[in-house]
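Start at 1 and go down the list; that is how both ligands and their atoms are numbered. These numbers come from the heavy atoms of this one structure, side chains and all, not from hydrogens, waters or symmetry mates.
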Amino acid sequence: MAVAVAVDEPGLCPEGPHWDNRTGTLLYVDIDGQKVHRWNPVTRQKDTVAMDCMVGAVVPREAGGVVVAAGTKFAFLDFETRQLTDVATVDSHKPTNRFNDGKCDAAGRFWAGTMGHEPVPTQVERKVGSLYCLHTDRTVTKAFNETDISNGLAWTSDNSIMYYIDSLQYSVDAFDFDLASGTLTNRRKVVSFEESRDGVPDGMCIDADGKLWVAMFGTGQVLQVDPETGTHLRSVKLPADQTTSCCFGGPNLDILYVTTASVGLSAEEVQQKPLSGCVFQVTGLGVRGTSGLCYNG
Ligand code: BGC
Ligand code: CA
C-alpha cells in the first residue's frame, strides 16, 4: 500500500470526492473555500469554479455538466460556460443552514443533507439538519430531519440497503432501501465509533465487496469497516488529521482518493502537518470500488 499526494494544493475543506469515469476526472468541492474542482490525474490540471456560498457536494449529471448542493440550493453547473442554474431550495425557514455531503442512487436521484451553523469544526447547531432527495423529475422530498452533521452515503450493489452517517451519532446507520420509490425504512445502527479513539465519522464509500471506507475526521485515517458484522477491519493513515471523505477512482477503480481539510487548524498544527487540506491517493489496497453514479434529471 502507498499513500501519496494527488492534488498538491491545500484547500480549506476539500470534501465529497467523486470519480467521473466519463471524463476520467475527480470531482470534489472545497466547502469553506466555496469552490467546485475537477481534477485530471493524467494532465494533473485542475479546473475550478468559484461559488458564492459554501458548497457541500457535487455529482455529474447524465445530461452533461454537474449538479451541486450549495448553500441551501440544488443547482446545475456547466463547467464549460460556468453557468449556474437553480433547481430547488430547501430549509428556507433556516437561513443559517447549508448543504453538506451528497450522492446519487442507482435510479439517478441525488441525495444530500443539510446542517446548521458551525462556527468551529464539529461545534454545530444541533438537530436542525435534514436529508433531502432530489428526484429525477426535479421535485425534492425530505427523508428525515433532526440531523446534526449529515454526511456519508453509500448503497449496497443490490440497492437493498442505504448506509448513512450523521457524524455526531458516531455510527454508520443502515436503512432498507426501495430503489423504485426511493423510500427508506427500518433505520438501525450497524457500525459504531468511539470519538476519542476513532475520530468523527465523515464521508464514506463502499467497495466491490460491500465493505465501507469511512473518513474519520480528526484522527487522520480512513477506516475500512464491515457493515454486516460491525467490525473495524483496517485503518489507512494519512499525513493530515482532518480526513473528510473518500472515493475509489482511476480507470480500474482501485485508487482510493481521500480529501482532507485544513480549516480550523492552528498555524502550529499546519506547520506540523503541512499537507493538511490536500487530496491524497492510496494505491495497492487490493480492493476495487464501485463506480460513482450520475443525477438523471
Ligand atoms: C462538514 C464539516 C464538519 C465535518 C465533521 C464535514 O462534512 O462539512 O463542517 O466539521 O464534517 O465531521
Ligand atoms: Ca463530509
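Electrostatic pairing of D207 and R288 does not count as a salt bridge here, judged by no charged N lying under 4.0 Å from a carboxylate O.
Within the 4.0 Å heavy-atom cutoff, D101 does not count among the residues contacting ligand 1. Using 4.0 Å as the threshold, T244 has no heavy atom nearer than that to any atom of ligand 1. The closest approach between a heavy atom of Q242 and any atom of ligand 1 is not below 4.0 Å. Not a single heavy atom of Q123 sits under 4.0 Å from any atom of ligand 1.
Taking 3.0 Å as the criterion, N151 counts as a coordinating residue of the Ca ion (ligand 2), since one of its N, O or S atoms falls below it. Metal site remark for the Ca ion (ligand 2): D101 contributes no N, O or S atom at a distance under 3.0 Å.
Interface atoms of ligand 1 facing P121, defined by a heavy-atom separation under 4.0 Å, are 10 (O). Per-residue contacts place I31 under 4.0 angstrom from the following atoms of ligand 1 (heavy atoms of the residue considered): 8 (O). For ligand 1, the atoms sitting less than 4.0 Å from at least one non-hydrogen atom of T122 are 5 (C), 10 (O), numbered in the order shown with element in parentheses. Remark: ligand 1 atoms within the under-4.0 Å shell around heavy atoms of V200 are 12 (O).
For K46, the NZ atom is densely surrounded, since the number of other residues' heavy atoms within 6.0 Å is greater than 12.
Contact annotation: the side chain of Y257 approaches that of W19 to within less than 4.5 Å [non-hydrogen atoms, C-beta and beyond].
Counting only distance, with no hydrogens or angles, the side chain of S167 and the backbone of P201 share a donor-acceptor pair below 3.5 Å.
A donor-acceptor contact closer than 3.5 angstrom links the side chains of S150 and Y164. Under the 3.5 Å distance criterion, with hydrogens and angles disregarded, a donor-acceptor pair is assigned to the side chains of N100 and N151. If you check the side chains of Y170 and D198, you find no donor sitting under 3.5 Å from an acceptor. In this model, a donor atom of one side chain and an acceptor atom of the other lie less than 3.5 Å apart for T244 and T259. A side-chain donor-acceptor contact under 3.5 Å links T219 and Q221.
Contacts of M54 with ligand 1, taken as heavy-atom pairs under 4.0 Å, are absent altogether. The proximity of N100 to ligand 1, defined as any non-hydrogen pair under 4.0 Å, is limited to the side chain.
Looking from atom 4 (C) of ligand 1 to the surrounding protein, the closest heavy atom is D202 OD2, 3.5 Å.
Of all N, O or S atoms in D202, the one lying closest to the Ca ion (ligand 2) is OD1. Within E15, the N, O or S atom at minimum distance from the Ca ion (ligand 2) carries the name OE2.
For the residues M115, E15, E118, the heavy atom positioned nearest atom 9 (O) of ligand 1 is part of E118.
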Any chance you could lay out the salt bridge (charged side-chain N to carboxylate O under 4.0 Å, His left out) test for E15 and K103, step after step, and finish with the verdict? CA-CA 12 Å; E15 264 279 6; K103 203 174 271 179; over 6 Å; no

